[in-house]
Amino acid sequence: MTTMSREEAARRIDELVQLIEYHNYRYHVLDDPEISDAEFDQLMRELQALEAAYPDLRRPDSPTQRVGGPPLPDFPKVRHDPPMLSLDNAFGTDELRDFDRRVRSLVADRIGDAPLEYVCELKIDGFSISLRYENGIFVQGATRGDGYEGEDVTENLKTVGSIPLRLRPVDGRVPSVLEVRGEVYMPIKAFEALNERQQLEGKKLFANPRNAAAGSVRVKDPKVTASRKLDSFIYHLVRADGLPPVRTHWESLELLAALGFKVNPHRRLCRGIEEVIAWTAEWQEKRWELPYEIDGLVVKVNDLALREVMGFTSRAPRWAVAYKFPPEERETRVVAITVEVGRTGKVTPTAELEPVRLAGTVVRRATLHNEDYIRAKDVRIGDVVVVRKAGEIIPEVVRVVKEKRQGDLPVWTMPETCPVCGTPLVRPEGEADYRCPNIACPAQTFRQILHFASRDAMNIEGLGEALVQALLDEGLIRDAADLYTLRKEQLVQLERMGPKSAENLLNAIERSKQNPLHRLIFALGIRNVGERAARVLAERFGSIDALARATEEELTAIEGIGPTIAQNVVAYFQSPRNQELLAKLRAAGVRMADEPKPQEAEGPKPLAGMTVVVTGTLQSWSRKEIEELIERLGGRAAGSVSRKTSFVLVGESPGSKLEKARELGVPILTEQEFKERFGLS
Ligand code: IVH
């Protein structure tokens, strides 16, 4: 390669850029590669080597940028013109017909009784983006932001394989300026693999593919975006200066595809709303077969001239609507009814089902709540039932399909003893639930520890069901307080627990010692004391000791605390078992009281004398805002971590400062912890 002259190198670079982008297009956009990954990598390496030898010959559209450039300081703001609006929703077919009537009435003088043409598309559940090309080269990519102003994430978007860095000419021409809108999304498989990796590394899990996509685009380090296997669909042409104008949306989608964008193949041109409705019915089923998530369908008027007439409301175009699917229901058979014991001993019957696909997952169980519910719905083992996901998460039994009941099925009754510890179950007067009265029941202990560690309680990240079960089985813990005695040597002996995960877990456990009081109160799992009540109690009493001394009268006198909670709180602190647990927590160094509230004179100064370093993106504040806030609270915002740093505040995608803090043993606070500690939430 060194024997190549500068001219030869320039020519070869041109060749390679074209070749690589061509193969990239075949792979990412057409999903139809012509060469192997190894051959592709070889071309890429050759280009990288040439660019390293001749840095000035590196082109702005070079595919080498797809691997991600150096980390960025901050994202500049980008104004959207026109703004990136949202869509109005239509639930069910009636609302689709309403939409049709509405838009037709807006252009009645032009179309009369003729049906309107609609383009139906999938509503991709991702992260919206706007892309700008000048003379065919990708120059700017922005997030939606508030619709009027977004953030410049060009370097990150360059790493998304299906976003062209250079447009393909159409009839020998490229537009002088082109702007398009679309969605970056994470395929379901990539999302699952990412979360698995996050879990192994003890990092935060993403709630769904959309959050994962958003989190991957809004990071300061393009290499992180490059590692995330994002994909894109482009569905809207804003402008294409210098190309012949398009008359319809359908044509614009075809133009977008010809220019090299990935346009979703699942689209249909429909004449009239009834054809649209037929298409929505098809997708009710088919949507679960897609390798990515959609959150509905989008119906758009095809004729662009008619769109002009229809115009916009302040939040959405009048010529489009987002169709939302009704919740899915399915029939399946109840093969058994089992009971589960919760952390307070409450026994919940559960229907074990013949596996059935529902809302994208295979459902095997559904809650039956309690014995009365089973009676009221008359659910029996062997029945065919209709199941539905409530809020798309926990399936429930909607009704029994009585016509399908075969023969005489016996009425189900609650077992007499706890299925886990064998203690006779009790149903207290006036309550719907049966309970296992044995406070030492292993099922209760298991659930209590899980609750103690859960997100809204002590928030010990990484401590899930399998791990708690393993710790109990190995005899490493007997109650929640024992978590604070765990040592690394013990953890690494557990299956699937590497030294790194063990360390992360121990850090999370250690951090939880400093939680504010309300978290501890909630974590204790006192019956009927939810998060809200825990906050009220923490605010009023300030410490576990004061709360433990409270009488029923004192408690019921508090706004928001009723007699049931009062009784349960008093009973909780009277139990010798609970007293022992609290003593163990105290001995382990868990904080049992909140700091007294700072006196407000010219505003509280809870950060007085502290030096704070911020790393990563915060949800509630921009970098400038948080620095101002730190100063206002009496602290100093510093740029780098040293032994003198009081704590490091970490946001999304933190930088090397986090590592440094770990090294030096400087306390680390998440945004939530920061807010709680300093009373900002
Ligand atoms: S059209 C003016 N088409 O849904 C154009 N949006 O709720 C308006 N979305 O912000 C958008 N798939 O992020 C359109 N095929 C599709 C879409 C789609 C997903 C998102 C988009 C928009 C949001 C509106």
Only one of K389, K377, R388 forms a salt bridge (charged side-chain N to carboxylate O under 4.0 Å, His left out) with E396, so which one is it?
-> R388
How far apart are the closest heavy atoms of G215 and S653, and which atoms are they?
-> O-OG, 4.5 Å
Is the CZ atom of R677 crowded by more than 12 outside heavy atoms at less than 6.0 Å?
-> yes
Hey, what do you get for OH (Y572) to CD (Q579), rounding to the nearest 0.5 Å?
-> 10.0 Å
Any donor-acceptor N/O pair, T556 side chain to E552 backbone, under 3.5 Å = yes
With side-chain contact (heavy atoms from CB on, under 4.5 Å) as the test, would you mind laying out the steps for V641 and L658 before giving the verdict?
-> CA-CA 9 Å; V641 181; L658 176 61; over 6 Å; no
In this structure, are over 12 heavy atoms from other groups packed under 6.0 Å from R532 atom CZ?
-> no
Within a reach of under 6.0 Å around CD of E196, are more than 12 heavy atoms found that belong to other residues, nucleotides or ligands?
-> no
Is there a donor-acceptor contact under 3.5 Å from the side chain of R228 to the main chain of A213?
-> no
Exceeds 12 heavy-atom contacts within 6.0 angstrom, atom CZ of R399 | no
For the side chain of E673 and the backbone of T670, is there at least one donor-acceptor N/O pair under 3.5 Å apart?
-> yes
Salt-bridged, E151 to R218, with N to O below 4.0 Å?
-> yes
Using 4.0 Å as the upper bound for N to carboxylate O, is an ion pair formed by R643 and E663?
-> no
Going from CZ on R662 to OG on S656, what distance comes out if it is rounded to the nearest 0.5 angstrom?
-> 12.0 Å
Look up atom NZ in K624 and atom CG in L629, then write down how far apart they are to the nearest 0.5 Å.
-> 13.0 Å
Taking all heavy atoms of A550 and all of L555, pick out the closest pair and write down the distance.
-> CB-CG, 4.0 Å
Are F325 and I294 close enough that some pair of their side-chain heavy atoms sits under 4.5 Å apart?
-> yes
Given side chains that start at C-beta, do those of V569 and N528 come closer than 4.5 Å, heavy atoms only?
-> no
State plainly whether the residues E371 and R375 are in salt-bridge range, i.e. N to O under 4.0 Å.
-> yes
L669 versus F678: any side-chain heavy-atom pair under 4.5 Å?
-> yes
To the nearest 0.5 Å, how far apart are CG in L537 and CG in L517?
-> 9.0 Å
Reference residue T344; test side chain to side chain donor-acceptor pair (under 3.5 Å); the match among R527, Q444, R435 | R435
Salt-bridge contact R365-E340 (side-chain N to carboxylate O under 4.0 Å) | yes
Report yes or no: does Q514 contribute a side-chain atom to a donor-acceptor pair with the main-chain N or O of P667 at less than 3.5 Å?
-> no
Going through the checks in order, is the side-chain contact (heavy atoms from CB on, under 4.5 Å) test met by R447 and E465?
-> CA-CA 9 Å; R447 293 282 155 200; E465 291 197 9; 3.7 Å; yes
Worked check of salt bridge (charged side-chain N to carboxylate O under 4.0 Å, His left out) between K220 and E652 | CA-CA 9 Å; K220 295 287 160 62; E652 182 85 48; over 6 Å; no
For the residue pair Y373 and H369, categorise the inter-ring angle as parallel (less than 30°), tilted (30 to 60°) or perpendicular (more than 60°).
-> perpendicular
Does a sphere of radius 6.0 Å around NZ in K324 hold more than 12 heavy atoms from other residues, nucleotides or ligands, not counting ones at 6.0 Å or beyond?
-> yes
side-chain hydrogen bond (donor to acceptor under 3.5 Å, both in side chains) between T645 and K660, intermediate numbers included | CA-CA 11 Å; T645 308; K660 181 87 185 190; over 6 Å; no
Would you call I668 and N507 a side-chain contact if the rule is heavy atoms closer than 4.5 Å?
-> no
Between V341 and A443, what is the shortest heavy-atom contact and its length?
-> CB-CB, 3.7 Å
Are any side-chain N or O atoms of S646 and backbone N or O atoms of T611, one a donor and one an acceptor, separated by less than 3.5 Å?
-> yes
Is the closest side-chain heavy-atom distance between V379 and W412 below 4.5 Å?
-> no
Is a side-chain donor or acceptor of R519 paired with a backbone partner of A457 at a separation under 3.5 angstrom?
-> yes
Looking only at atom types and distance, does a side-chain atom of R623 sit under 3.5 Å from a main-chain N or O of E627, one as donor and one as acceptor?
-> no
Flag, side chain of D125 to backbone of R210, donor-acceptor distance under 3.5 Å = no
Below 3.5 Å, can you tabulate the donor-acceptor pairs from side chains in residues 472-486 to any protein atom, sequence neighbours excluded?
from	atom 1	to	atom 2	distance (Å)
D473	OD1	Q469	NE2	3.1
D479	OD1	A481	N	3.0
D479	OD1	D482	N	3.0
D479	OD1	K584	NZ	3.3
D479	OD2	K584	NZ	2.8
D482	OD1	K584	NZ	2.8
D482	OD2	R478	N	2.7
D482	OD2	D479	N	3.2
Y484	OH	S512	OG	2.8
T485	OG1	D482	O	2.6

Indicate yes or no: at least one non-hydrogen side-chain atom of R364 is less than 4.5 angstrom from one of E352.
-> no
Please examine the side chains of V397 and V386, heavy atoms only from C-beta on, and report whether any two atoms are closer than 4.5 Å.
-> no
Drop me the distance from R549's CZ to F541's CZ, to the nearest 0.5 angstrom.
-> 10.0 Å
Would you call R427 and E431 a salt bridge, using N to O less than 4.0 angstrom?
-> no
So how far is it from N568 CG to I561 CD1, rounded to the nearest 0.5 Å?
-> 11.0 Å
With a 4.5 Å limit on heavy-atom distance, are the side chains of P349 and I374 in contact?
-> yes
Crowded around E489 CD? As in, over 12 foreign heavy atoms under 6.0 Å?
-> yes
What's the verdict on side-chain contact (heavy atoms from CB on, under 4.5 Å) for R586 and D545, showing C-alpha distance, side-chain angles and the deciding distance?
-> CA-CA 11 Å; R586 187 189 307 270; D545 292 340; 2.6 Å; yes
Is a donor on one side and an acceptor on the other found under 3.5 Å between the side chain of R144 and the backbone of M84?
-> yes
How far apart are the C-alpha atoms of V219 and T617, what are their side-chain angles, what is the distance that settles it, and do they pass the side-chain contact (heavy atoms from CB on, under 4.5 Å) test?
-> CA-CA 8 Å; V219 292; T617 314; over 6 Å; no
Do the side chain of R343 and the main chain of I449 share a donor and acceptor less than 3.5 angstrom apart?
-> no
What pair of heavy atoms forms the shortest contact from V398 to V387, and how long is it?
-> CG2-C, 4.2 Å
What closest approach, in Å, do L649 and F674 show between heavy atoms, and which atom pair accounts for it?
-> CD1-CB, 3.5 Å
Considering all heavy atoms of both residues, which atom of V666 and which atom of F647 are nearest to each other, and what is their separation?
-> CG1-CA, 3.9 Å
